[in-house]
J.: 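Please see the structure below; I have some questions.
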Amino acid sequence: MYRYMGLIAIIPGVIYFTFFINRFMRSVLNIHTNRFYIIILAIIITIVSIPAMNTLELYGVIYYHLLVITLILEFLNIWLQRFNIYRFTFITGILGVLVTVLCLGYGYYNIKHVVATTYDLSSDKIDDLKIIEIADLHMSTSLDVLQLQKYCDEMSELNADLVVLTGDIFDENTPLDDMVDASKALSTIKNKLGIYYVYGNHDNGSRNFDDVAFGPEEIKENLEKNGITVLEDEVITLDKINIIGRKDASFWGNNPRLATSELLAMIPEDKRNNYTIILDHQPLDLDENAALGIDLQLSGHTHGGQLFPMGIVQSLTSDTLIRGQRTIHDFTAITSSGMAGWRYPIKTGAPSEYVIINVK
């Protein structure tokens with residue numbers, strides 16, 4: 001699918017970059033070009049563009065950033081070409097390359113510098129509950145184990161009641177040793193009531209990829225060996241808290257999961273009025289969960305869009321909670337943009353974060 005999308009996307013790239021370089025040759029280098037030169041130029045640009053068909057690789061990310069940024073600057077050139085500095089830096093390509101480097105440089109800095117995002121909620125069911133949520137770490141994409149341990153130590157200072165890991169903590173590119181060591185690091189986060197984990201579409205679906213070092217079974221074994229509870233359509237009841245851990249919703253329908261109502265039915269009668277938290281990697285079924293009396297839903301998956309402006313586009317074209325908080329009566333949903341991103345260490349759409357939720 002991504003390659004077909006990439007094939008469609010490089011067509012305007014070939015056309016525009018051919019036009020751009022031809023204009024540069026004529027106006028800056030004073031080289032007269034004819035149809036033959038333009039055809040040769042288009043062939044060369046096509047060859048250079050073909051690797052960008054894989055939109056999930058870094059080359060494709062750089063290619064499309066350069067294309068979009070240069071097109072924006074082309075639009076601005078209509079008004080700014082009267083300024084010699086702008087016209088020269090734009091037509092020579094210096095401005096487009098510089099803005100692209102700055103944009104991707106910011107994305108690299110942003111993905112590697114994790115911030116804490118805090119949400120303050122209120123409930124008449126519980127007092128002074130502090131939760132730490134970690135989502136979409138995609139271990140080894142942008143953080144190594146030593147860097148992860150530093151953030152785990154930072155989180156330990158918060159003395160949280162609960163720590164929840166809401167999926168894609170690992171993926172198909174995480175080395176086995178990093179998965180093992182990261183499981184140990186995450187288990188060191190100080191807490192009072194436990195650390196709970198649900199699978200995401202990458203760490204649960206890693207067997208769908210070639211040459212992976214481990215699968216969901218090995219993840220579960222390592223997490224549980226380190227005292228982290230793995231939940232797959234299961235319910236944990238504590239003194240004043242219920243925790244529901246969902247199976248990840250498969251894109252292909254090959255990972256059937258229970259309905260929220262079925263999971264609620266597992267809660268003992270005397271615990272039905274507890275503060276109920278649902279952990280679901282993808283921010284799904286918000287209206288349904290609100291109607292069923294869930295108090296808090298914690299999710300990830302979206303990466304906040306990862307690459308700007310994908311998050312804005314998705315927010316405008318769907319009802320998905322890309323990042324942040326949504327309240328429906330007494331129900332609150334929070335989607336984290338994640339501690340990292342997938343595939344490449346660039347994130348321009350949202351901060352890299354872990355989430356702190358205070359319920360009072």
Side-chain angles (χ1 to χ4, degrees), residues 1-29 33 37-78 80 86-112 136 138 140-142 171-173 202 209-210 302-314 317 322 337-338 340-350 352:
M1 180 180 70
Y2 292 107
R3 288 190 180 276
Y4 289 121
M5 292 171 56
L7 176 60
I8 294 171
I10 67 170
I11 293 173
V14 170
I15 294 171
Y16 177 70
F17 285 135
T18 300
F19 161 77
F20 188 96
I21 296 174
N22 180 59
R23 180 177 60 190
F24 168 75
M25 294 172 66
R26 283 175 170 268
S27 60
V28 178
L29 301 181
T33 58
Y37 280 110
I38 293 173
I39 291 173
I40 296 299
L41 182 59
I43 292 172
I44 294 171
I45 292 173
T46 300
I47 293 170
V48 172
S49 299
I50 284 174
M53 285 176 57
N54 190 340
T55 57
L56 300 180
E57 295 296 339
L58 184 59
Y59 186 92
V61 172
I62 295 171
Y63 179 92
Y64 294 114
H65 271 77
L66 180 61
L67 175 60
V68 171
I69 287 169
T70 310
L71 284 170
I72 293 171
L73 295 175
E74 182 83 54
F75 181 73
L76 294 176
N77 188 54
I78 297 172
L80 299 178
Y86 184 89
R87 185 172 67 251
F88 176 79
T89 56
F90 168 67
I91 291 178
T92 58
I94 294 172
L95 186 58
V97 171
L98 178 60
V99 174
T100 301
V101 169
L102 290 174
C103 181
L104 296 178
Y106 162 75
Y108 180 77
Y109 172 87
N110 185 54
I111 200 171
K112 292 184 72 66
D136 299 279
H138 288 276
S140 307
T141 298
S142 58
D171 66 26
E172 63 280 0
N173 296 310
H202 283 278
F209 296 89
D210 296 330
T302 66
H303 304 178
Q306 187 156 348
L307 295 179
F308 179 84
M310 296 307 297
I312 295 174
V313 172
Q314 193 170 0
T317 57
I322 303 300
S337 62
W342 183 54
R343 200 77 176 191
Y344 35 78
I346 295 172
K347 189 173 186 178
T348 55
S352 294

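The analysis underlying the following values was restricted to heavy atoms, covering all of them including side chains, and did not include hydrogens, waters or symmetry mates.
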J.: By the salt bridge (Lys or Arg N to Asp or Glu O under 4.0 Å) test, which pairs, at least two apart or in different chains, include something from residues 10-21?
T.: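 Every pair satisfying salt bridge (Lys or Arg N to Asp or Glu O under 4.0 Å) with a residue in residues 10-21: there are none.
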J.: Hey, is CE on Met25 packed in by over 12 heavy atoms from elsewhere, all under 6.0 Å?
T.: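 Counting neighbours around CE of Met25, more than 12 heavy atoms of other residues, nucleotides or ligands fall under 6.0 Å, so yes.
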J.: Count the heavy atoms belonging to other residues, nucleotides or ligands that lie under 6.0 Å from OH of Tyr109, then report whether that count exceeds 12.
T.: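 Not buried by this count: 12 neighbours or fewer within 6.0 Å.
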J.: Work out which heavy atom in Ile62 is nearest to a heavy atom in Thr100; give both atom names and the distance.
T.: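 So the minimum-distance heavy-atom pair works out to O-CG2, 4.4 Å.
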J.: For Phe308, I'd like to know if atom CZ has over 12 heavy atoms of other residues, nucleotides or ligands within 6.0 Å.
T.: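 Open: at most 12 neighbouring heavy atoms sit under 6.0 Å from CZ of Phe308.
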J.: Given side chain to side chain contact (heavy atoms under 4.5 Å, CB included), test Asn22 with Tyr37 step by step and report yes or no.
T.: CA-CA 9 Å; Asn22 180 59; Tyr37 280 110; over 6 Å; no
J.: Quick one: does Ile10's side chain get under 4.5 Å of Tyr64's, heavy atoms only?
T.: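 Counting from C-beta outward, Ile10 and Tyr64 do come under 4.5 Å.
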J.: Carefully, step by step, assess His303 and His138 under the rule side chain to side chain contact (heavy atoms under 4.5 Å, CB included).
T.: CA-CA 11 Å; His303 304 178; His138 288 276; 3.2 Å; yes
J.: Look at the aromatic rings of Tyr59 and Tyr63 and report parallel, tilted or perpendicular, splitting at 30° and 60°.
T.: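 Answer is parallel, since the angle falls under 30°.
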J.: Which heavy atom in Leu41 sits nearest to a heavy atom in Thr18, and how many Å separate them?
T.: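 That would be CD2-O, 3.6 Å.
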J.: When the ring centroid of Phe24 is compared with that of Phe17, is the distance short of 6.0 Å?
T.: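 That pair fails the under 6.0 Å test.
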J.: What I want to check is whether the side chains of Thr348 and Tyr106 have a donor and an acceptor closer together than 3.5 Å.
T.: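 No, Tyr106 and Thr348 have no side-chain donor paired with an acceptor closer than 3.5 Å.
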J.: Taking all non-hydrogen atoms of both residues into account, name the closest pair between Ile69 and Cys103 and its distance.
T.: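 For Ile69 and Cys103, the tightest heavy-atom pair comes out as CD1-CB, 4.2 Å.
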J.: Roughly how far apart are Lys112 NZ and Thr141 OG1, rounded to 0.5 Å?
T.: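 These two atoms lie 10.5 Å from each other.
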J.: So, the side chain of Asn110 versus the backbone of Ala350: is there a donor-acceptor pair under 3.5 Å, distance only?
T.: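 Present.
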J.: Quick check: closest heavy atoms across Glu74 and Phe20, and the distance to 0.1 Å?
T.: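 Smallest interatomic distance, heavy atoms only, reads OE1-CD1, 4.4 Å.
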J.: Begin with the C-alpha distance, continue with both residues' side-chain angles, and end with the deciding distance and a verdict on side chain to side chain contact (heavy atoms under 4.5 Å, CB included) for Lys347 and Ser142.
T.: CA-CA 10 Å; Lys347 189 173 186 178; Ser142 58; over 6 Å; no
